[in-house]
Every structure is written in C-alpha cells, then in structure tokens.
Amino acid sequence: MKSFSLRLLFVTTVLAVSTIRCSTPSNLLGAASPLMTSLAGNSSLSTMAGLLQTPGMDKLLGSALKSPFTLLAPGNDAFKALGSSAIADLTKPENINSLAGVLKGHIVHGKLDAAGVAKSGLTSAAGSALNLGGVNMGSMIGGKDFNIIPIDKVLK
C-alpha cells in the first residue's frame, strides 16, 4: 500500500508540474489570459483580439504563440482600411487557414521592443520577411512572455 501511495504521489506531482509549466496557445487565447487581457486593455485593438479568438485559431497558430514572442497588433482602423467585407470574409470557416496566415504574419519570435522589431532581417511566424516600411508603431504593451506593439497597418 505504501508503494502504491508513493507512485500515486509521484504521478500527481508530475502531472501538476507539467500543467503549470505548459503554456499552450489555447491558454494564451483564453479570455482571461494575460495576452487577451492586455489586448482588451486597449480598445483600439478589439478587432485583433476578436480575430485571435476565432474558433479553431488556437490550434492553427500552434507554435507561433510559443513564448517569448512579439505581436504586431493592427488597430481597428487598420482593419477597417481593408474594406467592409475583408474581415467578414476572413472569419468564414472556409477561410480560417487564410486568417491564421494573416495573424502569423504579425507574430515575431522573441520578446522585442519597437527598436528590435524595426531591425531588418526579421521573419514573421508565417515565414515571411517582416516589412515595416511605412508602418507607424504605438506604445508597447508588455507582458511576462510577450510584447504587443500596436501598428497602423495590416501587414501583407
């Protein structure tokens, strides 16, 4: 009985530690997560927050949201500039992979500040070269394992 109790204690401890230490995209995109709370704290980023919470996005973004990372978050006006139907089209279930691609284009591995993001040679989580030509950056929002930098354009 003592042997069984020790094994049970060991398994419970391992499971508890692995649960605490794992940070999955699903956790990061939950409404009460630090990332979503930080986005919610800036009303001009509500469109980006909504897109990240599109059903299935947690799985599609996969390792793109593995910490540390920097999210270049287009403001609501940047999304409006795409046209009235662009967001509606991207959020259709048949276009979810396209939406994930757009969002990955705004994620950079590493917790960078504005100067770090402005360096040439960076690659987005989508695998494309980061091109911030003509993009204005807002005040950085810092988290423990991420930075959010508001921008005034949707990156292509």
Side-chain angles (χ1 to χ4, degrees), residues 17-156:
V17 169
S18 66
T19 302
I20 291 169
R21 302 196 85 196
C22 290
S23 178
T24 64
S26 175
N27 294 341
L28 282 172
L29 298 180
S33 75
L35 176 64
M36 298 312 293
T37 302
S38 296
L39 285 169
N42 186 327
S43 62
S44 68
L45 299 177
S46 62
T47 302
M48 184 66 163
L51 291 174
L52 285 168
Q53 290 188 309
T54 300
M57 197 53 57
D58 54 344
K59 289 179 178 66
L60 290 173
L61 291 180
S63 63
L65 292 177
K66 187 173 182 181
S67 63
F69 66 92
T70 301
L71 175 64
L72 300 168
N76 296 341
D77 291 339
F79 285 110
K80 284 181 189 172
L82 295 176
S84 60
S85 65
I87 298 302
D89 287 342
L90 275 175
T91 56
K92 290 180 181 176
E94 62 268 20
N95 296 331
I96 191 96
N97 289 323
S98 295
L99 175 58
V102 169
L103 294 175
K104 283 181 181 180
H106 291 83
I107 301 168
V108 180
H109 295 291
K111 186 177 175 184
L112 306 172
D113 59 11
V117 169
K119 290 181 183 175
S120 62
L122 289 179
T123 303
S124 73
S128 57
L130 195 62
N131 180 0
L132 296 175
V135 173
N136 294 311
M137 293 184 233
S139 297
M140 185 178 71
I141 303 165
K144 180 182 175 197
D145 297 318
F146 61 85
N147 280 335
I148 301 169
I149 301 175
I151 59 175
D152 66 347
K153 292 189 170 118
V154 176
L155 303 176
K156 305 223 177 193

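Heavy-atom basis, side chains included; hydrogens, waters and symmetry copies ignored.
Atom CE of Met57 sits about 3.5 Å away from atom CG of Leu99, to the nearest 0.5 Å. Taken from CG in Asn76 to CG in Asn42, the straight-line distance is 8.5 Å, to the nearest 0.5 Å. To the nearest 0.5 angstrom, Ile107 atom CD1 is 11.5 Å from Leu130 atom CG. Here the CZ atom belonging to Phe69 is positioned 9.5 Å from the CG atom belonging to Leu61, to the nearest 0.5 angstrom. Once rounded to the nearest 0.5 Å, the distance linking CG of Leu35 with CD1 of Ile141 reads 9.5 Å. Note: Met48 CE to Gln53 CD = 12.0 Å, rounded to the nearest 0.5 Å.
Ala73 approaches Leu39 most closely through the heavy-atom pair CB-CD2, 4.4 Å. Closest approach of Ala31 and Thr37 over heavy atoms only: O-OG1, 4.0 Å. Summarising the geometry of Gly101 relative to Ala126, their closest heavy-atom pair is O-CB, 4.0 Å, with the distance given to 0.1 Å. The nearest pair of heavy atoms linking Lys111 to Asp145 is CD-C, 4.3 Å. In terms of heavy atoms, Ser139 sits closest to Pro150 at O-CD, 3.2 Å. Heavy-atom minimum distance, Asp113 versus Met140: CA-SD, 3.7 Å.
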Practice problem: Could you please spell out the steps behind the side chain to side chain contact (heavy atoms under 4.5 Å, CB included) verdict for Met36 and Leu29? | Solution: CA-CA 6 Å; Met36 298 312 293; Leu29 298 180; 4.2 Å; yes
Practice problem: Carefully, step by step, assess His106 and Val154 under the rule side chain to side chain contact (heavy atoms under 4.5 Å, CB included). | Solution: CA-CA 8 Å; His106 291 83; Val154 176; 3.9 Å; yes
Quiz item: So Ser44 and Asp77, side chain to side chain contact (heavy atoms under 4.5 Å, CB included) or not? Walk me through it.
Solution: CA-CA 8 Å; Ser44 68; Asp77 291 339; over 6 Å; no
Quiz prompt | Test log, rule side chain to side chain contact (heavy atoms under 4.5 Å, CB included), inputs Ile149 and Leu112 | solution = CA-CA 9 Å; Ile149 301 175; Leu112 306 172; 5.7 Å; no
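Checked against salt bridge (charged side-chain N to carboxylate O under 4.0 Å, His left out), Lys119 has no partners two or more places apart in sequence or in another chain. By the side chain to side chain donor-acceptor pair (under 3.5 Å) test, Asn131 is found to be paired with no residue, residues two or more places apart in sequence or in another chain being considered.
Side-chain contact between Leu60 and Leu103 is absent, with no heavy-atom pair separated by less than 4.5 Å. Leu71 is not listed as a side-chain neighbour of Asn147, based on a closest heavy-atom distance of 4.5 Å or more.
Between the side chain of Lys153 and the backbone N or O of Gly134, at least one donor-acceptor pair lies under 3.5 Å. Remark: side-chain polar atoms of Asn136 are not paired, donor with acceptor, to backbone N or O of Asp152 under 3.5 angstrom.
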